[in-house]
S.K.: 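So that we are looking at the same thing, I have put the structure below in structure tokens.
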Amino acid sequence: MIKYHPSEALLESHAAGELPASMSIAVAAHCELCSCCAEKLAQYEAKAADAAFNDDIFTEQQSAHEDIFSDMMASIVNGENAPLTKVSASPVSEIEVAGERYKLPTALRRYHHLGWSSIGSISRARLPLNEGDTRASLLHIGMNGSVPSHTHKGMEVTLLLSGHFEDEHDKYVPGDFIILDSTNHHTPQTHDGCLCYTVADAPLHFTKGVSQLLNTVGHVIY
């Protein structure tokens with residue numbers, strides 16, 4: 001059972017279209033896995049629609065849309081040699097990582113072509129979102145793999161997409177939406193392997209053993 005969910009404020013902001021792409025993907029993907037949050041999101045979307053389409057504004061927008069539609073239809077009807085529009089193929093719904101196949105939620109299917117980099121049992125593919133210091137990635141941990149003990153210099157959101165992992169605090173299942181910051185210290189590990197979507201605005205800070213050597217290049221690998 002999913003135990004960790006985005007806050008009501010995040011759901012409402014997503015419904016209103018106020019979140020950056022990285023967080024919007026996280027919330028949308030979680031709601032695809034969590035029927036409870038999907039229902040809440042639908043309510044917030046209905047509320048946002050009611051607020052956006054009040055009578056005065058809706059009348060003006062409807063008139064503008066009718067004009068645009070009329071122009072478009074006239075162009076189609078009168079265009080004898082209009083160029084054909086190429087229909088894009090459906091986004092790929094699965095990816096393969098380290099010999100394992102995983103189904104992607106709808107919000108992530110356009111990113112099936114990412115390049116992966118690996119260190120040991122950990123593989124990461126960064127999404128090309130260009131949001132400054134914020135990094136959005138797909139993270140794969142192979143069977144019986146782990147991420148060395150660490151804390152976070154900033155905020156990190158982890159959405160578990162497939163498989164399971166656990167740390168000192170809990171065990172996590174697909175759909176869990178986990179938010180961590182500099183007050184959290186943990187050592188994620190998995191027995192069956194897992195695929196996660198992560199959003200972070202600062203590097204991890206490794207805290208034990210030889211893994212602390214990675215802190216010198218932390219800004220590169222987060």
Side-chain angles (χ1 to χ4, degrees), residues 1-34 36-37 40-41 44 105 107-108 117 119 121-141 145-190 194-222:
M1 179 181 295
I2 298 172
K3 292 183 286 186
Y4 298 91
H5 306 266
S7 66
E8 299 288 332
L10 270 178
L11 290 172
E12 187 170 14
S13 294
H14 177 66
E18 298 171 349
L19 296 180
S22 57
M23 286 300 298
S24 181
I25 290 171
V27 174
H30 170 81
C31 289
E32 188 169 333
L33 297 168
C34 176
C36 177
C37 286
K40 291 180 181 180
L41 179 61
Y44 282 124
L108 282 162
S117 57
I119 301 178
S121 62
I122 302 171
S123 299
R124 182 185 293 276
R126 186 175 295 171
L127 275 62
L129 297 183
N130 299 318
E131 293 182 352
D133 290 335
T134 299
R135 304 283 192 267
S137 306
L138 287 173
L139 175 70
H140 177 261
I141 308 175
S146 64
V147 178
S149 297
H150 64 274
T151 185
H152 304 81
K153 290 186 176 180
M155 186 74 69
E156 181 184 68
V157 173
T158 299
L159 172 64
L160 181 53
L161 300 174
S162 184
H164 305 79
F165 77 86
E166 59 187 74
D167 60 15
E168 295 87 341
H169 310 294
D170 211 340
K171 296 181 179 180
Y172 307 96
V173 301
D176 274 330
F177 188 99
I178 308 145
I179 300 179
L180 301 173
D181 58 22
S182 59
T183 65
N184 302 112
H185 177 282
H186 68 153
T187 309
Q189 52 188 327
T190 177
C194 64
L195 180 69
C196 303
Y197 172 69
T198 67
V199 180
D201 60 8
L204 304 182
H205 181 72
F206 298 99
T207 56
K208 290 184 179 180
V210 296
S211 65
Q212 294 179 81
L213 297 174
L214 294 174
N215 290 325
T216 59
V217 292
H219 64 287
V220 176
I221 63 175
Y222 88 95

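Worth knowing before you read on, the calculation uses all heavy atoms, side chains too, and leaves out hydrogens, waters and symmetry mates. Starting from 1, each residue takes its place in the sequence as its number.
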S.K.: Could you work out, with ring-ring contact (aromatic ring centres under 6.0 Å, His included) as the rule, every residue matching His5, not counting sequence neighbours?
M.R.: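 Checked His5 against ring-ring contact (aromatic ring centres under 6.0 Å, His included); matches are His30.
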S.K.: Apply side chain to side chain contact (heavy atoms under 4.5 Å, CB included) to residues His14 and Tyr44 and explain how you reach the verdict.
M.R.: CA-CA 9 Å; His14 177 66; Tyr44 282 124; over 6 Å; no
S.K.: So which atom in Ile2 and which in Leu33 form the shortest heavy-atom distance, rounded to 0.1 Å?
M.R.: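 Here Ile2 and Leu33 meet closest at CD1-O, 3.5 Å.
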S.K.: Could you go through the side-chain hydrogen bond (donor to acceptor under 3.5 Å, both in side chains) check for Glu166 and Thr190 one step at a time?
M.R.: CA-CA 6 Å; Glu166 59 187 74; Thr190 177; over 6 Å; no
S.K.: Can you check whether Leu139 reaches Leu195 side chain to side chain, under 4.5 Å on heavy atoms?
M.R.: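 When only atoms from C-beta onward are counted, Leu195 and Leu139 do not touch, as no gap falls below 4.5 Å.
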S.K.: Looking at CG of Leu180 and CE of Met155, how far apart are the two atoms once the value is rounded to the nearest 0.5 Å?
M.R.: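 So the gap between those two atoms works out to 9.0 Å.
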S.K.: Working to the nearest 0.5 Å, report the span between CD of Glu12 and NZ of Lys40.
M.R.: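 Going from CD on Glu12 over to NZ on Lys40, the span is 12.0 Å.
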S.K.: Looking at CG of Leu41 and SG of Cys36, how far apart are the two atoms once the value is rounded to the nearest 0.5 Å?
M.R.: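 Answer rounded to 0.5 Å: 11.5 Å.
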S.K.: Please report the interatomic distance SG(Cys194) to CG(Leu161), rounded to the nearest 0.5 Å.
M.R.: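 With rounding to 0.5 Å, SG (Cys194) is 9.5 Å from CG (Leu161).
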S.K.: Considering residues at least two apart in sequence or located in another chain, which fulfil the side chain to side chain donor-acceptor pair (under 3.5 Å) criterion with Ser13?
M.R.: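 With sequence neighbours excluded, Ser13 shows a side chain to side chain donor-acceptor pair (under 3.5 Å) to no residue whatsoever.
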S.K.: Strictly distance-based, threshold 3.5 Å: is any side-chain N or O of Glu131 a donor or acceptor partner for the main-chain N or O of Ser22?
M.R.: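 At least one qualifying donor-acceptor pair exists.
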S.K.: Just by modelled atom types, is the Asp181 backbone N or O under 3.5 Å from a matching donor or acceptor in the Glu156 side chain?
M.R.: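 Here the side-chain-to-backbone pair does not exist.
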S.K.: Check whether any side-chain heavy atom of Leu138 sits under 4.5 Å from a side-chain heavy atom of Arg124, and report yes or no.
M.R.: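 When only atoms from C-beta onward are counted, Arg124 and Leu138 do not touch, as no gap falls below 4.5 Å.
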S.K.: Are any non-hydrogen side-chain atoms of Cys196 and Phe165 less than 4.5 angstrom apart?
M.R.: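 Heavy-atom side-chain distance check passes, below 4.5 Å.
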S.K.: Would you give the length of the straight line joining atom OG1 of Thr198 to atom CZ of Arg135, rounded to the nearest 0.5 angstrom?
M.R.: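 Reported to 0.5 Å precision, the distance equals 11.5 Å.
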S.K.: For Ile122 and Ser146, which heavy atoms make the closest approach, and how far apart are they?
M.R.: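 What the structure gives for the nearest pair is CD1-O, 3.5 Å.
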S.K.: Any idea which heavy atoms bring Ala29 and Leu159 closest together, and the distance?
M.R.: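 Looking at all heavy atoms of both residues, the shortest contact is CB-CD2, 3.4 Å.
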S.K.: Start with the C-alpha gap between Leu127 and Ile25, add the side-chain angles, then the distance that decides, and say whether side chain to side chain contact (heavy atoms under 4.5 Å, CB included) holds.
M.R.: CA-CA 11 Å; Leu127 275 62; Ile25 290 171; 4.1 Å; yes
S.K.: Which heavy atom in Ser24 sits nearest to a heavy atom in Leu19, and how many Å separate them?
M.R.: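 In this case the closest contact between Ser24 and Leu19 is N-CB, 4.1 Å.
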S.K.: Using a 4.5 Å cut-off on heavy atoms from C-beta on, say whether the side chain of Ile178 contacts that of Val157.
M.R.: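 Val157 vs Ile178: side chains apart.
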S.K.: Would you mind reporting whether Leu129 and Pro20 have side-chain heavy atoms less than 4.5 Å apart?
M.R.: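 When only atoms from C-beta onward are counted, Leu129 and Pro20 do not touch, as no gap falls below 4.5 Å.
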S.K.: If you compare all heavy atoms of Leu160 against all heavy atoms of Gly163, which two are closest, and at what distance to 0.1 Å?
M.R.: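 Smallest interatomic distance, heavy atoms only, reads CD2-O, 3.5 Å.
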S.K.: Run the side-chain donor-acceptor check on residues 169-177: report pairs under 3.5 Å with partners two or more places apart or on a different chain.
M.R.:
from: His169; atom 1: NE2; to: His185; atom 2: O; distance (Å): 3.0
from: Asp170; atom 1: OD1; to: Lys3; atom 2: NZ; distance (Å): 2.8
from: Asp170; atom 1: OD2; to: Lys3; atom 2: NZ; distance (Å): 3.1
from: Asp170; atom 1: OD2; to: Tyr4; atom 2: OH; distance (Å): 2.5
from: Tyr172; atom 1: OH; to: Asp167; atom 2: OD1; distance (Å): 3.1
from: Tyr172; atom 1: OH; to: Asp167; atom 2: OD2; distance (Å): 3.1
from: Asp176; atom 1: OD1; to: Lys3; atom 2: N; distance (Å): 2.8
from: Asp176; atom 1: OD1; to: Tyr4; atom 2: N; distance (Å): 3.0
from: Asp176; atom 1: OD2; to: Val173; atom 2: N; distance (Å): 2.9

S.K.: Considering all heavy atoms of both residues, which atom of Ser121 and which atom of Gly145 are nearest to each other, and what is their separation?
M.R.: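 Taking every non-hydrogen atom into account, OG-CA, 3.5 Å.
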S.K.: Could you grab the distance from atom OG of Ser162 to atom NE2 of His140, nearest 0.5 Å is fine?
M.R.: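 Nearest 0.5 Å value for the OG-NE2 distance: 8.5 Å.
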